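Written out below as structure tokens is the structure these notes cover.
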There are 2 protein chains.
Amino acid sequence: MKKNSPTLSDVALKAGVSMMTVSRVINNKGKVKPETREHVLKIAAEVGYRPNYIARSLATKRSTTIGLVVPDITNPFFSEIAKGVEDEAYRLGYNVFLCNFDENPEREFDVLTSLAEKQVDGIVLCSSRQNNKQLYHSLGLFKHVVLINRQLPAPSHTIQSLILDDFNGAKLAVEHLLSHKRKRIVLLSGPKQSHSAFQKEKGYLAALKKHNIAHDPEQIKHCSPTMICGKDTMSMLLKNDPTIDAVLAFNDLLAIGAMLACQEFGKIIPQELEIIGFDDIPLSKLIIPGITTLTYPKKEIGSIAMKIIYQMMDQDISLDFPKTFAPQFIFRQSSPK
Amino acid sequence: MKKNSPTLSDVALKAGVSMMTVSRVINNKGKVKPETREHVLKIAAEVGYRPNYIARSLATKRSTTIGLVVPDITNPFFSEIAKGVEDEAYRLGYNVFLCNFDENPEREFDVLTSLAEKQVDGIVLCSSRQNNKQLYHSLGLFKHVVLINRQLPAPSHTIQSLILDDFNGAKLAVEHLLSHKRKRIVLLSGPKQSHSAFQKEKGYLAALKKHNIAHDPEQIKHCSPTMICGKDTMSMLLKNDPTIDAVLAFNDLLAIGAMLACQEFGKIIPQELEIIGFDDIPLSKLIIPGITTLTYPKKEIGSIAMKIIYQMMDQDISLDFPKTFAPQFIFRQSSPK
DNA sequence: TTGTAAGCGTTATCAC
DNA sequence: GTGATAACGCTTACAA
């Protein structure tokens, strides 16, 4: 059996000083005579001392730890955000708890509770699927919260939101399709509880209304945000109505799925049918035809979320980060400029 | 300012019992009279008591927390594994620190150190890029380790390895291509320090040797495991040597990149050129032509890794999990059966 | 069945 | 500059 790792007091004993001196040296805090500092450092290295952050956290009430809560880390949109969060956390000396909730509000609640119990300094919550009341309750457990793509009616100084302007993104996309004389534009929407899906739906309807186009409810379908669901849903739609000439998809996974369905139906893209997605996942650029898409700077958003929490920790400094992100239109073959 | 959250002793005071009684109730441990239990629970709920796991961890020397260390969470192979780990962790009441190291051994070392300081109960380390000496040193910081796709010369009872049989996977793939009379088989290999890439290279060479095929060093190219690198490298290869008639790729991202390059060169797949990849990422099934691939049960591997750590914690020692995984051949259009 | 006391490894506070 | 002592919130071990 290996013996327990050395503690502050082990080092202190061996160095012939008090624990506080060792603590000061380790944390570079307070005054310590250079010689004793050297000596302590030498002993610490000798015995292989490592600070115990659990003990430190208990004493300081700071865990240098945050939680990142996402619907599904295998979705490229969220894994990019996660990368941004984690990279920034690494720079700042933080660690990140990753939690998936699989579009399941109950699991979302569970993981939030467990993160609170682990005393995280804050959380980044993406695309919450809880209703406002539940959500407000859950978030009360935390000192600092950054919400990505979800706004709370009664914001507080502990809760910041980073908003993606999905409403205007969808509106822009539909107007682009209309300018190409598209007549039957289908919306492959996302999960029913998704705030983002809701905004995109509103944008889609707003564009149609603005141009006095009648809206057929059959043209909106909800899907889980996966390629396979996009393909299946699109196949079904094309079977019922071969006159569809454009698709706006909740995300690129759905858009690509739809495109694969079109290929099977012999629909030529973009001549016979145009497709626009959201997110600009890596694949969208490489596939042929390339997917036209609306996107946000995902890594940057993750990084900003982490920075905001970090700043909130240290008594709200300036917080001069962008809080809302306009979609960027990227034109590729599936719906050219 | 919100007041601090209530502690065990707050609850004890208000309930008129000792801290230990409350502790017993909260943890369902030891004997407590049903009536007092009810009463304590009621008070706890009233004041909104939540256990502080930092304090608990310090007392028990268990953090119910593990670290998951991967090269890059945006790679679908690792995000699937991460999903498996996290799902199982959720079931077992654990939380998971996610760390990327971006193929950078120094960062890998850093994150391992920080995880040790956070007192994780164990780590799951995927595709380490450290050399054996460094690695052995880093792993010494942990009580329990599961290595995915990396074996240590001197294994210990604290370190378990889950091995993917990439050698035989590559060998099988090449033999399959040879059975189709392919003459010039290119290997798009992975990062130079990758254990997995090394094994696949050995398998590739072994198959050629077994069938007395001369090996041309120009036919092995190292790539970073991304679609774009696959496409660029394949373009370059085809430019130099249009007689290439088969590709074995380190992973499906590279395979798909290679396929896109072939399409640009007008190479007909699979008639003129066959492609085989590894990992069976979701896209490989959906794209046309589908990518033939060798795969492992990624979520299951993640789940098993977490279970192993959990069992090691409780000296359960049954540990009757599979430790080595044979690749499963999935035939699609890019290299039919 | 319940309570008391010590201790987990660190930092805050205040004295020297 | 340095050190003693009391927290931090919980559990372990033992006593009642």
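The structure presented is a predicted model; accordingly, all values stated were derived computationally and were not measured.
In this model, the phosphate group of dC8(C) is not approached by any side-chain N or O of Tyr53(A) to a distance below 4.0 Å at OP1 or OP2. Residue Thr60(A) places no side-chain N or O under 4.0 Å from the OP1 or OP2 atom of dT11(C). Side-chain N/O atoms of Asn52(B) include none lying less than 4.0 angstrom from OP1 or OP2 on dC8(D). The phosphate of dG9(C) has OP1 or OP2 within less than 4.0 Å of a side-chain N or O from Lys61(B). Contact between the side-chain N/O atoms of Ser18(A) and the OP1/OP2 oxygens of dG3(D) is found at a separation under 4.0 Å. Remark: Ser23(A) is in phosphate contact with dT11(C), judged by side-chain N or O atoms under 4.0 Å from OP1 or OP2.
One interatomic measurement links the two molecules: NE2 of His39(B) to P of dT2(C), which rounds to 12 Å at whole-angstrom precision. We find that CD1 of Ile54(B) is positioned 12 Å from C1' of dC10(D), with the value rounded to whole Å. The CG-C1' distance, from Leu58(B) to dC10(D), rounds to 8 Å in whole Å. Here the P atom of nucleotide dT11(D) and the CD1 atom of Ile26(B) are 9 Å apart, to the nearest Å. Whole-Å rounding puts the Leu8(A) CG to dA4(D) C1' distance at 15 Å. Here the P atom of nucleotide dC8(C) and the CE atom of Met19(A) are 10 Å apart, to the nearest Å. Between the C1' atom of dA16(D) and the CE atom of Met20(B) lies a distance of 14 Å, rounded to the nearest Å. Taking atom CD of residue Glu38(A) and atom C1' of nucleotide dG1(D), one finds them 16 Å apart after rounding to whole Å.
In the set dT2(D), dT4(C), dG3(D), dT2(D) carries the atom at the smallest distance from any side-chain atom of Lys33(A). Nearest nucleotide to the Arg56(A) side chain, out of dG9(C), dC8(D), dT11(C): dT11(C). Minimum atom distance to the side chain of Val17(B) is reached by dG3(C), of the listed dT11(C), dG3(C), dC10(D). For Val32(A), counting side-chain heavy atoms from C-beta on, the closest listed nucleotide (dT10(C), dT2(D), dC10(D)) is dT2(D). When the nucleotides dC10(D), dT5(D), dG3(C) are ranked by their closest atom to the side chain of Thr21(B), dG3(C) comes out on top. Closest to the side chain of Thr7(A), out of dA12(C), dG9(C), dT2(D), is dG9(C). Picking from dC8(D), dT2(D), dC8(C) the nucleotide with the shortest atom distance to the side chain of Thr36(A) gives dT2(D). The side chain of Lys31(B) sits closest to dT1(C) out of dC10(D), dT1(C), dA4(D).
Using a 30° and 60° split on the angle between ring planes, Tyr310(A) and Tyr94(A) fall in the perpendicular class, above 60°.
Counting atom types as modelled, Arg24(B) pairs a side-chain N or O with a base atom of dG3(C) as donor and acceptor under 3.5 Å.
Around NZ of Lys143(B), the count of heavy atoms belonging to other residues, nucleotides or ligands within 6.0 Å exceeds 12.
Residues Asp10(B) and Tyr49(B) have side chains that never bring a donor and an acceptor to within less than 3.5 angstrom of each other.
Between the side chain of Ser128(A) and the backbone N or O of Gln130(A), at least one donor-acceptor pair lies under 3.5 Å.
Mapping Ala55(B) and Pro34(B) onto DNA chain C by nearest heavy atom places Pro34(B) closer to the 5' end of the strand.
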May I have the step-by-step check of salt bridge (Lys or Arg N to Asp or Glu O under 4.0 Å) for Arg91(A) and Glu88(A), ending in yes or no? CA-CA 5 Å; Arg91(A) 268 174 234 129; Glu88(A) 192 63 42; 2.5 Å; yes
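Here the two rings, on Phe325(B) and Tyr296(B), have centers that are 6.0 Å apart or farther.
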